[in-house]
Amino acid sequence: MHRISAQAPLVRASVEADIPAIAAIYRHHVTTGLASFEETSPDLAELARRREAVLASGLPWLIAEDLDGKVVGYAYAALYRPRSAYRFTVEDSIYVAPGMIGRGIGRSLLTALIAETTGVGYRQMIAVIGDSGNHASIALHRSCGFREAGRLRSVGFKFGRWVDSVLMQRALGPGDTVLPRDRPSRG
């Protein structure tokens with residue numbers, strides 16, 4: 001658990017009891033925004049299954065709590081692709097509760113996620129940002145060292161319009177400057 005400052009959210013590992021709060025945050029993003037290309041919100045059991053799959057792969061699923069202990073955001077890292085050549089690359093996902101964007105929650109989560117995945121040996125982190133108009137997410141990632149790696153134009157169709165994905169990338173630890181010795185350690 002860590003808190004960057006007295007006003008910053010507490011970032012900690014998620015627990016099963018966080019699933020309802022995670023579901024509420026994600027439901028908002030699925031039903032009102034383009035950060036996720038899902039069009040139907042998954043139920044609690046499906047979100048619990050997804051969380052367990054991330055944790056079983058040795059990767060973090062983090063929660064941000066406000067000063068009152070309320071879950072105000074979450075983030076996780078997942079393997080970027082299943083093929084073995086991608087074994088040093090993860091993809092981040094970050095969701096902040098409605099009305100809480102712009103308060104440093106996303107930055108606290110992303111900073112912790114970068115530190116945790118770097119600490120176990122991952123070398124690259126990819127952000128697949130839904131909607132090229134998602135300026136807040138693009139700016140957050142840029143401020144944390146990500147660079148735009150490309151755009152996939154009109155790959156999603158949601159809310160009656162075509163939507164782009166913005167690909168951003170940052171090195172973790174030594175990145176590609178040193179050859180890895182072995183697979184990243186997993187839990």
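Results of the side chain to side chain contact (heavy atoms under 4.5 Å, CB included) test with Y76 over S14, P60, S93 single out S93 as the only residue that passes.
Applying the salt bridge (charged side-chain N to carboxylate O under 4.0 Å, His left out) test to pairs two or more places apart or on separate chains, none has a residue in residues 165-179. Applying the salt bridge (charged side-chain N to carboxylate O under 4.0 Å, His left out) test to every pair with at least one member in residues 70-80, sequence neighbours left out, gives no pairs at all. Here salt bridge (charged side-chain N to carboxylate O under 4.0 Å, His left out) pairs that include residues 121-143, with residues two or more places apart or in two chains, are D131-R161. Counting only residues at least two apart or in different chains, salt bridge (charged side-chain N to carboxylate O under 4.0 Å, His left out) contacts with residues 14-36 comprise R12-D18.
Taking T31 as the reference, nothing meets the side chain to side chain donor-acceptor pair (under 3.5 Å) condition, with sequence neighbours excluded. Remark: T89 pairs with no residue by the side chain to side chain donor-acceptor pair (under 3.5 Å) rule, at least two apart or across chains. Residues satisfying the ring pair (Phe, Tyr, Trp, His ring centres under 6.0 Å) criterion with Y74, sequence neighbours excluded, are W61, Y95. Scored by the ring pair (Phe, Tyr, Trp, His ring centres under 6.0 Å) test, H28 finds no partners at all (sequence neighbours excluded). Annotation: salt bridge (charged side-chain N to carboxylate O under 4.0 Å, His left out) contacts of R151 (sequence neighbours excluded): E148. The salt bridge (charged side-chain N to carboxylate O under 4.0 Å, His left out) test applied to E46 returns R49, R50, not counting sequence neighbours. Here F157 pairs with W162 under the ring pair (Phe, Tyr, Trp, His ring centres under 6.0 Å) rule; sequence neighbours left out. Taking R153 as the reference, D164 meet the salt bridge (charged side-chain N to carboxylate O under 4.0 Å, His left out) condition, with sequence neighbours excluded.
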Stepwise side chain to side chain donor-acceptor pair (under 3.5 Å) test for E38 and Y26: CA-CA 10 Å; E38 282 196 82; Y26 191 57; 2.5 Å; yes

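Side-chain atoms of R87 come within 3.5 Å of backbone atoms of S84 as a donor-acceptor pair (strictly under, hydrogens ignored). In this structure, the side chain of S137 does not engage the main chain of N134 through any donor-acceptor pair within 3.5 Å. No donor-acceptor distance shorter than 3.5 angstrom exists from the side chain of H141 to the backbone of I129, with no hydrogens or angles considered.
Taking the six-membered ring for Trp and the full ring otherwise, the centers of Y122 and F88 sit at least 6.0 Å from each other.
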